[in-house]
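Just so we're on the same page: letters track the sequence lines, and every chain starts at 1. Quick caveat: nothing in here was measured; it's all calculated off a predicted structure.
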Number of protein chains: 2
Amino acid sequence: MKTTIKDVAAYAGFSIATVSRAINAPHSVNRVTLEKIREAIDALQFSPNPLGRQLRSDRTRLIGIVLPTLANPVFAECLQGIDELASAQGYRLMLMTTQYDADRERHAIETLRAQRVEGLILTVADADTHPLLDELDHAGLRYVLMHNDTVRRPAVSVDNRLAAYEGVRMLIAHGHRHILMLAGTLAESDRARLRYVGYSQAMQQAGLTPAPALEVDFNADELAPSVLAHLTKGATRPTALFCSNDLLAMVVMRGLRRASYSVPEHMSILGFDGLAVGELLSPPLASLCTPNREIGCAAWQRLMNRIEGVDDGSSLSLTLPHTLRVGETVGAISDIVGQR
Amino acid sequence: MKTTIKDVAAYAGFSIATVSRAINAPHSVNRVTLEKIREAIDALQFSPNPLGRQLRSDRTRLIGIVLPTLANPVFAECLQGIDELASAQGYRLMLMTTQYDADRERHAIETLRAQRVEGLILTVADADTHPLLDELDHAGLRYVLMHNDTVRRPAVSVDNRLAAYEGVRMLIAHGHRHILMLAGTLAESDRARLRYVGYSQAMQQAGLTPAPALEVDFNADELAPSVLAHLTKGATRPTALFCSNDLLAMVVMRGLRRASYSVPEHMSILGFDGLAVGELLSPPLASLCTPNREIGCAAWQRLMNRIEGVDDGSSLSLTLPHTLRVGETVGAISDIVGQR
DNA sequence: TTGAAAGCGCTAACAG
DNA sequence: CTGTTAGCGCTTTCAA
């Protein structure tokens, strides 16, 4: 694509300024002039180079997206929501993933800033303690967090504490008293922490003792023997597991099954995220569902409001409703088969 | 970020040309000068505006990615592979999704071209008959296809025909004679077509009659009754299903289960894609696995070769090996329980 | 080794 | 309504 606005101007017999106007403010141009210029544009297959425009007008219509990973459908779904609105509104997305790595988070944000994105939508490990975000605030670069559960920054998420609380209450209502929370190895995210708080509160309120969260590497192919032992041995073995995310829940389910424990007969399982594939499992996974697509859309809306100055003055963080998908992986304690 | 190269030049006491050299060709600058300029850059927190650079030097280091959807992990995984290499090599990715819609494919490609991406990695519905790709060839914009199975254009994929052929042979080896192929509603992709060819060849070679592919809407929550009837009624009801992708296979499995058909006792199922979640199902889904991440990486490599002129002269399309994941959803015909 | 100056493609005053 | 002109931030001759 080598044709520039100059070529069009020459071809149409007008100045480049008029061509520019014909493109950006057609009403301010004489009808016949406009017509001629449009013909020229067609004939030359001209498409304005955004770089020139961006450089000059300081508007890139570029939004940076920073996500931990696309391997977890949670984020892929958010991105779907964002992409839908963005392309409808003429913005382009620049994507970087971080694998939850702090260095990569930093690198991504810096790269995107250097590229002059007009705003950022991101999910970081821990929003409250993130120095880069303060920097962004300070530099005046607009951003909105997704899934990060904090009141200190602009964020869209569910109420992780409450969702976990309700989920665990449900387990308790099914008669479970020994309920263990399982967390991924990257347990130190704001939301994981809040989910643990919700778990603890539900337990305590029922007069039960919350146990420390058990860390499980859910990238491993098999459940570690020590973990399996923890889940299945001893007088106080748990009868229900609250997993901090669905991927983890699914891996645990498979691990238990391979060890000949069946769900929910021997063990009840509750996940978090509400992945669509969870419903396709057998039995379908019970889970706390987050509206991922909507979270993406809402994050976009808020970012646009901030960029376009429609600062609605609403509180920083937006909490979207979660839902409890009942599934079939949670059974009543009375149905539980004794330890094998 | 308002500081420009001018500010740095003023601060360091040199011309902007020298600052530019200090950044882009440090060896051509006096050591002490370089030092001073670097200090200035640090002090001012200067980061060069890529727009200026890009406009001037006609290199954007931007790559456009066009994918049907992120809802299917197949594409999310490819993107992971691409992102890994891209960010390591200092390229940025601009992402657009199309939902398999031709208009959106066109729009995405045009937007990305206008943005002056240096290359394109895409997955389209049908590569051979795609007029836009000819246009790209003609315009000299480099691109590489992913998953599109064609020899006419630069592409990275598996041998879809062969993979399907092998999969169906395996079903036949298990004693199945009534094997039906199920396809999504967007059956008219090059790869879906080739998978059907593979299915047909395997059938014919075994002296069996291939049936027309049955279209199934796998976005629906339930299997349509007509489909279910097709799968379960009649003397010639299939004993095995070859599904053109894993998502479809999973939905069908659920549908059968809800209708009280069990897999593989009543029906064997073979998928295509090898989604990681398929292994977490119970029983684990048998599938033809495509190396998605590797496909993404390979596509990137080829694109880079083309962009950087290392045209290795190798044939246009690259075929990566697929694997057959045995799973447990395929049973021998002798185990099949009669129609209920 | 460094600087002056031109210009990438475009927009936005300011005149006319 | 249209043209002239001056940059946006940067790289790159060409001289010095």
Look up atom [atom1] in [X] and atom [atom2] in [Y], then write down how far apart they are to the nearest 0.5 Å.
X         : Y         : atom1 : atom2 : answer
Phe75(A)  : Leu70(A)  : CZ    : CG    : 9.5 Å
Ile5(B)   : Ser15(B)  : CD1   : OG    : 8.5 Å
Cys297(A) : Leu320(A) : SG    : CG    : 10.0 Å

Give the rounded distance in Å between these two atoms: [atom1] of [X] and [atom2] of [N].
X         : N       : atom1 : atom2 : answer
Asp58(B)  : dT12(D) : CG    : P     : 11 Å
His27(B)  : dT2(C)  : NE2   : P     : 13 Å
Leu51(B)  : dC10(C) : CG    : P     : 14 Å
Phe14(A)  : dC10(C) : CZ    : P     : 18 Å
Arg59(A)  : dA12(C) : CZ    : C1'   : 16 Å
Gln54(A)  : dC10(C) : CD    : P     : 11 Å
Ile41(A)  : dC10(C) : CD1   : P     : 10 Å
Arg116(B) : dC8(C)  : CZ    : P     : 14 Å

Under 3.5 Å: donor-acceptor pair, side chain of Asn24(A), backbone of Ser20(A): yes

Leu133(A) to Ala127(A) - nearest heavy-atom pair and separation: CD1-O, 3.7 Å

hbond_proxy Arg56(B) side chain to dG9(D) base (donor-acceptor, 3.5 Å cutoff): no

Residue mapping more 5' on DNA chain C - nearest nucleotide basis, Ile5(A) or Ser28(B): Ser28(B)

For [X] and [N], is the shortest distance between a side-chain N/O and OP1 or OP2 below 4.0 Å?
X        : N       : answer
Arg53(B) : dG9(D)  : no
Ser57(A) : dT11(C) : no
Thr18(B) : dT2(C)  : no
Asn49(B) : dC8(D)  : no
Lys6(B)  : dC10(D) : no
Ser20(A) : dC10(C) : no

Could you please name the option among [options] that lies closest to any side-chain atom of [X]?
X        : options                  : answer
Arg21(B) : dC10(C), dA4(C), dG9(D)  : dA4(C)
Ala17(B) : dT2(C), dA4(C), dC8(D)   : dA4(C)
Ile16(A) : dC10(D), dT2(D), dT11(C) : dT11(C)
Asn30(A) : dG7(C), dT2(D), dT1(C)   : dT2(D)
Phe46(B) : dC10(D), dC8(D), dC8(C)  : dC10(D)
Ser15(A) : dC1(D), dT2(C), dG3(D)   : dG3(D)

Regarding [X], tell me which of base, sugar-phosphate or nothing describes its non-hydrogen contacts under 4.0 Å with the strands shown.
X        : result
Leu55(B) : base
Asn24(B) : sugar-phosphate
Pro48(A) : sugar-phosphate

Qualifying residue, where the test is side chain to side chain donor-acceptor pair (under 3.5 Å) with Glu118(B) and the options are Arg59(B), Arg61(B), Arg306(B), Gln54(B): Arg59(B)

